[in-house]
Chemist: 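Before we start, here is the structure in question, set down as structure tokens.
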2 protein chains.
Amino acid sequence: MKNNKFQAIYQELAKKLEEKELRVGEKLPSEHELMVQYHTSRETIRKALNLLAQNGYIQKVRGKGSIVLDRARFDFPISGLVSFKELAKKMGKSWVTKVHELNVVKPSDVLRESLGAEELWKVVRSRQVDGERIILDTDYFQTRHVPLLTEEIAEQSIYEHLENELGLSISFADKEVTVEEANPLDRELLDLNGLSHVVVVKSLVHLDDASPFQFTESRHRLDKFRFVDFARRMK
Amino acid sequence: MKNNKFQAIYQELAKKLEEKELRVGEKLPSEHELMVQYHTSRETIRKALNLLAQNGYIQKVRGKGSIVLDRARFDFPISGLVSFKELAKKMGKSWVTKVHELNVVKPSDVLRESLGAEELWKVVRSRQVDGERIILDTDYFQTRHVPLLTEEIAEQSIYEHLENELGLSISFADKEVTVEEANPLDRELLDLNGLSHVVVVKSLVHLDDASPFQFTESRHRLDKFRFVDFARRMK
DNA sequence: TAGTGGTCTAGACCACAGA
DNA sequence: CTGTGGTCTAGACCACTAT
């Protein structure tokens with residue numbers, strides 16, 4: 001990966017934990033031991049362990065050690081920071097993305113204020129998983145950062161295109177999950193099976209320099225929605 | 001608070017940011033400057049700033065500085081690590097908690113496996129906000145850690161009781177958000193207004209030593225559910 | 001080039017768990 | 001008491017932004 005020692009150690013340990021080289025409830029080697037193993041300083045080991053803790057692999061307990069947690073590692077944030085393609089792949093699902101709209105539009109007042117731009121790419125896509133259209137995504141991107149979008153790109157992964165081709169670095173997102181009544185577009189482009197409501201995930205995505213870059217509204221069929229979170233109390 | 005320098009600095013800076021002493025988009029003083037201001041080392045300042053970043057107050061940009069983010073600071077996780085009482089108070093809502101069941105039960109197989117106990121407190125409570133019963137909470141607690149629960153405690157805040165009276169320290173939770181069809185108990189104890197589904201938040205809450213302690217199923221009326229999240233890409 | 005944040009070190013002292 | 005993780009320091013070097 002990168003040149004960072006602590007990231008490398010994190011990834012090595014995370015891999016070991018995913019491959020269950022250590023059982024749930026057992027303890028990681030102590031920080032001192034890891035320090036020796038990896039020929040590095042204690043603070044560097046601690047950075048790696050803190051990453052593990054933040055990501056739910058371990059729980060550090062003073063005086064005892066680092067306990068391996070039972071984390072079903074299928075968890076991932078719905079939309080926003082992980083692309084739909086990655087998600088579907090991880091879940092081992094067959095999926096089809098269909099592009100319904102792709103053009104440059106003038107933003108509404110709310111969007112103009114959120115994204116601070118006079119021109120935005122608008123992309124409307126439905127997501128079909130196992131033969132059913134269950135997600136309807138509407139994305140708005142800054143034209144400033146994205147000169148060109150094509151149907152081919154939108155059908156594959158816009159995120160991959162942004163990060164790999166354009167070198168944009170996504171950093172963080174504010175997300176809001178609510179439930180709304182299905183609108184006519186939902187009824188047209190999703191297989192709702194008579195369900196009256198949809199789960200709506202709105203995300204405002206930012207780049208590394210903290211500038212707002214993308215707004216997404218993701219509308220999910222109720223019965224296919226699942227959101228898993230790992231909440232750690234602030235210390 | 002505690003004796004920790006970096007926590008104190010974090011709290012002081014967070015307070016300043018909440019009181020808008022710095023505007024969105026402006027920059028915090030540099031790490032070197034803060035180091036001098038607070039008579040401390042750079043790593044300590046960096047710990048405080050990392051806390052600010054983790055909690056969405058700032059975004060650190062290499063070569064530039066720490067940029068103040070526009071974070072509506074009303075965000076909080078729904079259920080699990082924040083008590084209903086805290087939540088309602090923050091939102092400035094009138095609320096009533098009604099206890100429908102409170103006793104010791106033998107756990108189901110799933111619960112026994114999750115919590116590893118042969119005896120659990122079961123508490124069923126409805127939450128009324130602004131005159132409407134919109135949330136139905138079912139909690140299971142380890143009797144091992146909680147010798148006594150009374151209706152009075154359950155009507156107020158069980159969390160306050162656990163942390164203040166019993167000295168238990170809650171640490172982290174796994175949460176799952178789904179939508180389910182309303183069941184007869186939902187219809188009886190909630191004002192559903194004909195809505196056919198409820199949002200279900202399941203949480204498995206752990207103590208500081210990583211032992212599972214509490215399982216909660218929180219059922220929310222669709223139209224009153226809102227979940228706000230701040231997602232940071234792993235680095 | 002000067003100023004910023006990012007990583008890393010080697011050491012110190014403290015708080016807590018367990019034998 | 002020993003071993004664990006938690007905090008803090010003073011310094012070094014690197015990578016990036018801006019001028």
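By convention in this document, chain letters (A, B, ...) are assigned in the order of the sequence lines, proteins followed by strands, and residues within each chain are numbered from 1.
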Chemist: Give a yes/no answer on whether the side chain of A:Ser66 brings an N or O atom under 4.0 Å of OP1 or OP2 in D:dT4.
Modeler: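 For D:dT4, OP1/OP2 do not have a side-chain N/O of A:Ser66 under 4.0 Å.
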Chemist: Parallel, tilted or perpendicular: which fits the ring planes of B:Tyr57 and B:Tyr10, with parallel below 30° and perpendicular above 60°?
Modeler: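 It falls in the perpendicular class, over 60°.
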Chemist: If the plane angle is over 60° it's perpendicular, under 30° parallel, otherwise tilted; pick one for B:Phe213 and B:His145.
Modeler: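 Rings of B:Phe213 and B:His145: perpendicular, as their planes differ by over 60°.
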Chemist: Give a yes or no answer on whether the side chain of A:Thr143 reaches the backbone of A:Glu119 with a donor-acceptor pair at less than 3.5 Å.
Modeler: yes
Chemist: Ignoring backbone atoms, establish whether B:Ser41 has a side-chain N or O less than 4.0 Å from OP1 or OP2 of D:dA10.
Modeler: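 Negative; the distance criterion is not met.
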Chemist: How many whole angstroms separate atom CG of A:Leu207 from atom P of D:dT17?
Modeler: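 Those two atoms, CG and P, are 13 Å apart.
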Chemist: Please report the shortest heavy-atom distance between A:Asp208 and B:Gln59, naming the atom on each side.
Modeler: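 Taking A:Asp208 first and B:Gln59 second, the nearest heavy atoms are O-NE2, 3.1 Å.
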Chemist: Look at A:Arg42 and C:dT9 and indicate whether a side-chain polar atom (N or O) is within less than 4.0 Å of OP1 or OP2.
Modeler: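 For C:dT9, neither OP1 nor OP2 has a side-chain N or O of A:Arg42 closer than 4.0 Å.
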Chemist: Atom CD of A:Glu33 to atom C1' of D:dG3: distance rounded to whole Å?
Modeler: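 Nearest whole value for this atom pair: 11 Å.
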Chemist: Could you give the NZ-to-C1' distance, from B:Lys47 to D:dT7, as a whole number of Å?
Modeler: 5 Å
Chemist: How close or far is atom P of C:dT4 from atom CZ of B:Arg46, stated in whole angstroms?
Modeler: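 After rounding, the reported distance stands at 14 Å.
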Chemist: Start at the 5' end of DNA chain D and walk down; is the nucleotide closest to A:Glu43 or to A:Gly65 reached first?
Modeler: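 Upstream on the strand: A:Gly65.
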Chemist: I need the CG-P distance between B:Asp208 and C:dA15, as an integer number of Å.
Modeler: 17 Å
Chemist: With DNA chain D as reference, determine whether B:His39 or A:Gly63 sits nearer its 5' end, using the nearest nucleotide of each.
Modeler: A:Gly63
Chemist: Ignoring the backbone of B:Gln7, work out which of D:dT7, C:dC8, D:dG6 is nearest its side chain.
Modeler: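 Selected nucleotide (nearest to the side chain): D:dT7.
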Chemist: Just N and O in the side chain of A:Thr40: are any of them under 4.0 Å from OP1 or OP2 of C:dT9?
Modeler: yes
Chemist: Is B:Lys64 near enough to C:dG3 that one of its side-chain N or O atoms lies under 4.0 angstrom from OP1 or OP2?
Modeler: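 Result: no.
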Chemist: I'd like to know whether CD of A:Glu19 has more than 12 heavy-atom contacts from other residues, nucleotides or ligands below 6.0 angstrom.
Modeler: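 Enclosed.
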Chemist: Taking only the side-chain nitrogens and oxygens of A:Lys60, find out if one of them lies under 4.0 Å from OP1 or OP2 of D:dT4.
Modeler: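 No, outside the criterion.
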Chemist: Any side-chain N or O of A:Ser30 below 4.0 angstrom from OP1/OP2 of D:dG3?
Modeler: no
Chemist: Calculate the interatomic distance between A:Gln59 atom CD and D:dG5 atom P; express it in whole Å.
Modeler: 13 Å
Chemist: Quick one: B:Asp209 CG to D:dT4 C1', roughly how many Å, whole number?
Modeler: 15 Å
Chemist: What is the distance, rounded to the nearest whole Å, between atom CG of A:Leu34 and atom P of D:dG5?
Modeler: 8 Å
